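Down below is the structure, laid out as C-alpha coordinates.
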Amino acid sequence: MKIATYNVNGVNGRLPVLIKWLKEAKPDIVCLQELKTPDEKFPQESLEAIGYNAIWHGQKSWNGVAILTKNGCAVEAIYKGLPGDPEDIQSRYIEAKINGIIIACLYLPNGNPAPGPKFDYKMAWYKRLLTKARRLIKKGTPVILVGDYNTVPTELDAHKPERWVNDAVFFPEPRAAFQKLLKQGWIDAIRTLYPEEKLFTYWDYFANAFKRNAGIRMDHFLLSPDLKDFLSGGGVDKHVRAWEKTSDHAPVWIEITDQ
DNA sequence: ATGGCATTTAAAAAATGA
(Lines give C-alpha, C1' and ligand atoms only; values in the text may rest on other atoms or scores of the structure.)
Protein backbone atom coordinates (compact mmCIF):
# COMPACT_ATOMS: atom_id res chain seq x y z
CA MET A 1 0.00 0.00 0.00
CA LYS A 2 1.35 3.36 -1.07
CA ILE A 3 0.75 6.26 1.31
CA ALA A 4 1.67 9.84 0.43
CA THR A 5 1.71 13.27 1.99
CA TYR A 6 1.55 16.54 0.09
CA ASN A 7 1.32 20.13 1.29
CA VAL A 8 -0.54 21.43 -1.78
CA ASN A 9 -0.54 25.12 -0.76
CA GLY A 10 -4.10 25.74 -1.97
CA VAL A 11 -6.08 22.70 -3.13
CA ASN A 12 -8.20 24.61 -5.66
CA GLY A 13 -5.40 26.77 -7.03
CA ARG A 14 -3.22 23.67 -7.46
CA LEU A 15 -5.93 21.22 -8.53
CA PRO A 16 -4.45 20.55 -12.03
CA VAL A 17 -1.07 19.76 -10.45
CA LEU A 18 -2.64 17.55 -7.77
CA ILE A 19 -4.66 15.59 -10.32
CA LYS A 20 -1.72 15.18 -12.69
CA TRP A 21 0.40 13.83 -9.82
CA LEU A 22 -2.36 11.50 -8.53
CA LYS A 23 -2.78 9.96 -11.99
CA GLU A 24 0.96 9.45 -12.27
CA ALA A 25 1.81 8.28 -8.72
CA LYS A 26 -1.40 6.32 -8.02
CA PRO A 27 -1.10 6.40 -4.22
CA ASP A 28 -3.70 4.45 -2.21
CA ILE A 29 -3.88 7.05 0.58
CA VAL A 30 -2.92 10.72 0.40
CA CYS A 31 -2.70 13.19 3.27
CA LEU A 32 -3.07 16.79 2.10
CA GLN A 33 -2.21 19.97 3.99
CA GLU A 34 -2.85 23.67 3.40
CA LEU A 35 -6.14 23.28 1.56
CA LYS A 36 -6.83 27.02 1.96
CA THR A 37 -10.51 26.54 1.23
CA PRO A 38 -13.77 26.49 3.17
CA ASP A 39 -15.34 23.02 3.46
CA GLU A 40 -18.04 23.74 0.87
CA LYS A 41 -15.44 24.55 -1.80
CA PHE A 42 -13.37 21.38 -1.39
CA PRO A 43 -13.03 19.83 -4.90
CA GLN A 44 -14.74 16.56 -4.00
CA GLU A 45 -16.28 15.91 -7.44
CA SER A 46 -13.02 16.44 -9.34
CA LEU A 47 -11.25 13.94 -7.09
CA GLU A 48 -14.07 11.39 -7.24
CA ALA A 49 -13.94 11.63 -11.02
CA ILE A 50 -10.42 10.17 -10.93
CA GLY A 51 -11.22 7.51 -8.36
CA TYR A 52 -10.54 9.11 -4.98
CA ASN A 53 -12.86 9.50 -2.03
CA ALA A 54 -12.01 12.19 0.51
CA ILE A 55 -12.57 13.34 4.04
CA TRP A 56 -11.52 16.88 4.91
CA HIS A 57 -11.35 19.48 7.63
CA GLY A 58 -11.03 22.94 6.14
CA GLN A 59 -11.55 26.60 6.86
CA LYS A 60 -11.68 29.81 4.85
CA SER A 61 -8.34 31.06 3.45
CA TRP A 62 -5.94 29.17 5.68
CA ASN A 63 -4.78 25.76 6.87
CA GLY A 64 -7.02 22.76 6.14
CA VAL A 65 -6.21 19.03 5.97
CA ALA A 66 -7.70 16.13 4.02
CA ILE A 67 -7.22 12.40 3.48
CA LEU A 68 -7.85 10.96 0.03
CA THR A 69 -8.43 7.23 -0.40
CA LYS A 70 -8.72 5.15 -3.52
CA ASN A 71 -12.22 3.86 -4.08
CA GLY A 72 -12.60 0.64 -2.13
CA CYS A 73 -10.57 1.59 0.93
CA ALA A 74 -12.44 1.01 4.20
CA VAL A 75 -12.57 4.35 6.05
CA GLU A 76 -13.87 4.46 9.62
CA ALA A 77 -13.41 6.21 12.98
CA ILE A 78 -12.97 9.73 11.62
CA TYR A 79 -11.86 12.51 13.99
CA LYS A 80 -11.38 16.17 13.09
CA GLY A 81 -9.28 18.56 15.16
CA LEU A 82 -6.47 17.91 17.65
CA PRO A 83 -7.79 17.50 21.21
CA GLY A 84 -6.56 19.61 24.10
CA ASP A 85 -7.69 23.17 23.36
CA PRO A 86 -11.36 23.99 22.70
CA GLU A 87 -10.35 27.58 21.81
CA ASP A 88 -8.23 26.41 18.87
CA ILE A 89 -10.25 26.88 15.67
CA GLN A 90 -7.45 26.22 13.17
CA SER A 91 -8.01 23.17 10.94
CA ARG A 92 -4.77 21.25 11.27
CA TYR A 93 -5.62 17.65 12.17
CA ILE A 94 -7.74 14.85 10.73
CA GLU A 95 -7.57 11.17 11.64
CA ALA A 96 -9.20 8.01 10.35
CA LYS A 97 -8.74 4.26 10.42
CA ILE A 98 -8.11 3.16 6.85
CA ASN A 99 -7.59 -0.49 5.84
CA GLY A 100 -6.79 -1.25 9.49
CA ILE A 101 -4.17 1.49 9.96
CA ILE A 102 -4.86 4.70 11.86
CA ILE A 103 -3.77 7.59 9.64
CA ALA A 104 -3.35 10.93 11.41
CA CYS A 105 -2.86 13.77 8.92
CA LEU A 106 -1.43 16.91 10.47
CA TYR A 107 -0.31 20.41 9.56
CA LEU A 108 1.81 21.72 12.39
CA PRO A 109 1.86 25.52 12.86
CA ASN A 110 4.77 27.26 11.19
CA GLY A 111 5.56 29.46 14.19
CA ASN A 112 7.11 32.49 12.51
CA PRO A 113 7.96 35.12 13.48
CA ALA A 114 9.84 33.53 16.36
CA PRO A 115 9.91 34.19 19.19
CA GLY A 116 6.35 35.48 19.54
CA PRO A 117 2.72 34.39 19.96
CA LYS A 118 2.76 32.30 16.77
CA PHE A 119 5.79 30.41 18.02
CA ASP A 120 4.07 29.91 21.40
CA TYR A 121 1.07 28.48 19.53
CA LYS A 122 3.35 26.11 17.63
CA MET A 123 4.88 24.75 20.82
CA ALA A 124 1.49 24.47 22.54
CA TRP A 125 0.26 22.52 19.51
CA TYR A 126 3.32 20.25 19.74
CA LYS A 127 2.54 19.59 23.40
CA ARG A 128 -1.01 18.54 22.50
CA LEU A 129 0.38 16.37 19.68
CA LEU A 130 2.77 14.62 22.08
CA THR A 131 -0.18 13.77 24.33
CA LYS A 132 -2.23 12.50 21.39
CA ALA A 133 0.73 10.54 19.99
CA ARG A 134 1.37 8.81 23.33
CA ARG A 135 -2.26 7.72 23.46
CA LEU A 136 -2.16 6.46 19.88
CA ILE A 137 1.06 4.48 20.26
CA LYS A 138 -0.32 2.72 23.36
CA LYS A 139 -3.36 1.46 21.45
CA GLY A 140 -1.45 -1.37 19.86
CA THR A 141 -2.98 -0.60 16.46
CA PRO A 142 -0.72 0.32 13.54
CA VAL A 143 -0.58 4.12 13.34
CA ILE A 144 1.03 6.60 10.97
CA LEU A 145 1.43 10.23 12.07
CA VAL A 146 2.01 12.00 8.79
CA GLY A 147 2.12 15.49 7.38
CA ASP A 148 3.86 18.84 7.36
CA TYR A 149 5.60 19.13 10.73
CA ASN A 150 7.14 22.53 9.94
CA THR A 151 10.21 21.06 11.64
CA VAL A 152 13.67 20.41 10.22
CA PRO A 153 14.81 17.58 12.51
CA THR A 154 18.60 17.77 12.09
CA GLU A 155 21.29 19.66 10.16
CA LEU A 156 21.27 16.84 7.62
CA ASP A 157 17.73 17.92 6.71
CA ALA A 158 18.75 21.36 5.42
CA HIS A 159 20.85 22.25 2.37
CA LYS A 160 22.33 25.16 4.33
CA PRO A 161 21.42 24.95 8.03
CA GLU A 162 22.77 28.44 8.80
CA ARG A 163 20.12 29.98 6.51
CA TRP A 164 17.42 28.63 8.87
CA VAL A 165 18.81 29.32 12.35
CA ASN A 166 16.49 32.31 12.87
CA ASP A 167 13.45 30.49 11.47
CA ALA A 168 10.84 28.73 13.61
CA VAL A 169 11.20 25.53 11.55
CA PHE A 170 14.78 25.17 12.79
CA PHE A 171 14.52 26.54 16.34
CA PRO A 172 15.76 24.16 19.08
CA GLU A 173 12.31 23.82 20.69
CA PRO A 174 10.44 22.21 17.76
CA ARG A 175 13.46 20.04 17.00
CA ALA A 176 13.49 18.86 20.63
CA ALA A 177 9.74 18.18 20.46
CA PHE A 178 10.28 16.09 17.31
CA GLN A 179 12.98 14.12 19.16
CA LYS A 180 10.47 13.57 21.99
CA LEU A 181 8.15 11.93 19.47
CA LEU A 182 10.98 9.62 18.39
CA LYS A 183 11.66 8.79 22.05
CA GLN A 184 8.03 7.70 22.39
CA GLY A 185 8.93 5.04 19.83
CA TRP A 186 7.84 6.62 16.54
CA ILE A 187 9.98 5.84 13.51
CA ASP A 188 10.96 8.53 11.00
CA ALA A 189 10.28 6.43 7.89
CA ILE A 190 12.16 8.47 5.30
CA ARG A 191 15.25 8.84 7.49
CA THR A 192 15.16 5.09 8.19
CA LEU A 193 15.13 4.36 4.47
CA TYR A 194 17.83 6.95 3.71
CA PRO A 195 20.01 7.20 6.85
CA GLU A 196 22.62 9.60 5.48
CA GLU A 197 21.11 11.25 2.43
CA LYS A 198 20.31 14.94 2.04
CA LEU A 199 16.65 14.66 1.10
CA PHE A 200 14.36 17.65 0.92
CA THR A 201 10.59 18.12 0.67
CA TYR A 202 10.36 21.92 0.51
CA TRP A 203 12.13 24.59 -1.54
CA ASP A 204 11.50 28.38 -1.40
CA TYR A 205 9.81 29.91 -4.41
CA PHE A 206 12.42 32.66 -4.50
CA ALA A 207 16.13 32.91 -5.18
CA ASN A 208 16.07 29.90 -7.52
CA ALA A 209 15.96 27.67 -4.46
CA PHE A 210 14.73 24.58 -6.30
CA LYS A 211 17.27 24.81 -9.11
CA ARG A 212 20.02 25.15 -6.49
CA ASN A 213 18.44 22.29 -4.49
CA ALA A 214 18.41 24.69 -1.53
CA GLY A 215 15.70 22.80 0.33
CA ILE A 216 14.70 21.49 3.71
CA ARG A 217 12.96 18.30 4.92
CA MET A 218 9.81 19.08 6.90
CA ASP A 219 7.21 16.57 5.70
CA HIS A 220 7.47 13.38 7.71
CA PHE A 221 5.98 9.91 8.19
CA LEU A 222 6.18 8.72 11.79
CA LEU A 223 5.37 5.01 12.05
CA SER A 224 4.29 3.15 15.16
CA PRO A 225 6.92 0.47 15.96
CA ASP A 226 4.72 -2.43 14.79
CA LEU A 227 4.93 -1.08 11.21
CA LYS A 228 8.72 -1.02 11.07
CA ASP A 229 9.13 -4.42 9.45
CA PHE A 230 6.53 -3.61 6.80
CA LEU A 231 8.18 -0.44 5.49
CA SER A 232 9.41 -1.48 2.05
CA GLY A 233 10.15 1.78 0.27
CA GLY A 234 9.62 5.49 -0.02
CA GLY A 235 10.84 8.71 -1.56
CA VAL A 236 10.19 12.28 -2.62
CA ASP A 237 8.47 12.99 -5.95
CA LYS A 238 10.87 15.84 -6.48
CA HIS A 239 10.10 16.38 -10.17
CA VAL A 240 6.59 17.62 -9.25
CA ARG A 241 8.23 20.68 -7.65
CA ALA A 242 9.39 21.73 -11.14
CA TRP A 243 5.88 21.76 -12.66
CA GLU A 244 3.99 24.95 -13.56
CA LYS A 245 1.82 26.43 -10.78
CA THR A 246 3.23 23.91 -8.31
CA SER A 247 3.36 23.95 -4.50
CA ASP A 248 6.58 24.88 -2.70
CA HIS A 249 6.46 21.37 -1.19
CA ALA A 250 6.88 18.13 -3.15
CA PRO A 251 4.83 14.98 -2.50
CA VAL A 252 6.49 12.38 -0.27
CA TRP A 253 5.47 8.70 -0.16
CA ILE A 254 6.14 5.39 1.52
CA GLU A 255 5.22 1.81 0.70
CA ILE A 256 3.82 -0.45 3.45
CA THR A 257 3.55 -4.15 2.61
CA ASP A 258 0.52 -6.13 3.75
CA GLN A 259 0.73 -7.08 7.40
C1' DA B 1 19.00 42.50 8.35
C1' DT B 2 15.89 42.23 4.45
C1' DG B 3 13.61 40.39 0.64
C1' DG B 4 13.13 37.38 -2.69
C1' DC B 5 7.55 34.54 -4.46
C1' DA B 6 2.85 32.88 -4.24
C1' DT B 7 -1.45 32.02 -2.13
C1' DT B 8 -6.28 33.86 -0.38
C1' DT B 9 -9.92 37.34 -0.16
C1' DA B 10 -11.77 40.55 -2.80
C1' DA B 11 -11.41 44.29 -5.73
C1' DA B 12 -6.15 47.25 -3.66
C1' DA B 13 -3.62 45.83 -0.55
C1' DA B 14 -3.17 43.02 3.53
C1' DA B 15 -2.31 38.64 5.80
C1' DT B 16 0.15 34.42 5.69
C1' DG B 17 3.64 31.31 4.82
C1' DA B 18 8.80 29.39 5.92
Side-chain angles (χ1 to χ4, degrees), chain A residues 5-21 31-43 46 56-66 88-93 105-126 147-178 198-220 236 238 240-252:
Chain A
T5 185
Y6 190 15
N7 178 321
V8 279
N9 190 7
V11 73
N12 287 311
R14 314 279 188 204
L15 193 57
V17 166
L18 175 62
I19 288 176
K20 182 180 172 187
W21 168 71
C31 294
L32 297 177
Q33 301 86 33
E34 278 209 88
L35 305 178
K36 294 187 168 181
T37 183
D39 281 338
E40 60 273 21
K41 289 189 180 165
F42 183 85
S46 306
W56 61 94
H57 182 39
Q59 69 183 93
K60 192 177 174 183
S61 301
W62 314 119
N63 310 314
V65 283
D88 184 3
I89 48 141
Q90 299 191 24
S91 300
R92 296 179 174 276
Y93 184 92
C105 168
L106 62 99
Y107 174 45
L108 224 129
N110 165 277
N112 282 307
K118 293 195 172 178
F119 187 70
D120 296 341
Y121 173 63
K122 178 178 198 168
M123 295 319 299
W125 209 94
Y126 243 127
D148 179 359
Y149 282 73
N150 266 311
T151 305
V152 179
T154 71
E155 300 210 338
L156 186 60
D157 300 306
H159 170 257
K160 231 177 134 184
E162 59 271 29
R163 180 249 178 273
W164 297 99
V165 290
N166 292 315
D167 194 294
V169 302
F170 201 70
F171 261 44
E173 294 90 339
R175 293 168 65 190
F178 190 82
K198 285 228 167 197
L199 271 175
F200 308 131
T201 64
Y202 167 92
W203 298 260
D204 281 332
Y205 282 122
F206 25 84
N208 260 326
F210 183 63
K211 279 187 181 160
R212 296 186 293 117
N213 196 28
I216 46 180
R217 188 175 74 98
M218 299 198 289
D219 301 273
H220 308 299
V236 181
K238 192 177 167 184
V240 176
R241 181 61 182 77
W243 291 355
E244 288 290 311
K245 298 280 284 176
T246 199
S247 169
D248 39 7
H249 294 249
V252 191

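Every chain is numbered from 1 and lettered A, B, ... according to where its sequence line falls, protein lines coming before strand lines. All values derive from a computational prediction rather than experimental measurement.
Within the structure, every pair that satisfies the salt bridge (charged side-chain N to carboxylate O under 4.0 Å, His left out) test and touches residues 161-172 of chain A, not counting sequence neighbours, is listed here: A:Arg163-A:Asp204.
Contacts of A:Asp148 with the nucleic acid, taken as non-hydrogen atoms under 4.0 Å apart, involve only primed sugar atoms and P, OP1 or OP2. Residue-level contact check: A:Asn150 touches the backbone only, with heavy atoms under 4.0 Å from sugar-phosphate atoms and none from bases. Residue A:Phe170 is classed as having no contact, given no heavy-atom separation below 4.0 Å to the nucleic acid. In this structure, A:Phe171 reaches neither bases nor backbone, as no heavy-atom distance under 4.0 Å exists between it and the strands shown.
When each of A:Tyr202, A:Phe200, A:Phe210 is checked for a side-chain contact (heavy atoms from CB on, under 4.5 Å) with A:Arg241, only A:Phe210 meets the rule.
A:Thr201 pairs by the side-chain hydrogen bond (donor to acceptor under 3.5 Å, both in side chains) definition with A:Asp219, not counting sequence neighbours. By the side-chain contact (heavy atoms from CB on, under 4.5 Å) test, A:Asn110 pairs with A:Asn112, A:Asn150, A:Val169, sequence neighbours left out. For A:Asp39, the side-chain contact (heavy atoms from CB on, under 4.5 Å) criterion is met by A:Trp56, not counting sequence neighbours.
No donor-acceptor distance shorter than 3.5 angstrom exists from the side chain of A:Gln33 to the backbone of A:Tyr107, with no hydrogens or angles considered. Formation of a donor-acceptor pair under 3.5 Å by the A:Arg14 side chain with backbone atoms of A:Lys245 is found in this model.
Here the shortest heavy-atom pairing between A:Leu106 and A:Tyr149 reads CD2-OH, 3.8 Å.
Taking atom P in both B:dA14 and B:dG4, the straight-line distance is 15 Å, to the nearest Å. The gap from the P atom of B:dA18 to that of B:dA1 amounts to 22 Å, rounded to the nearest Å. Using atom P as the reference point in both B:dA6 and B:dA10, the two lie 23 Å apart (nearest Å).
Using a 4.0 Å cut-off on heavy atoms, the residues of residues 108-126 of chain A that approach DNA chain B are A:Asn110, A:Asn112, A:Lys118, listed by number.
Chain A approaches DNA chain B over the interval B:dG4 to B:dA18, counting the first and last nucleotide 5' to 3' with an atom under 4.0 Å from its heavy atoms.
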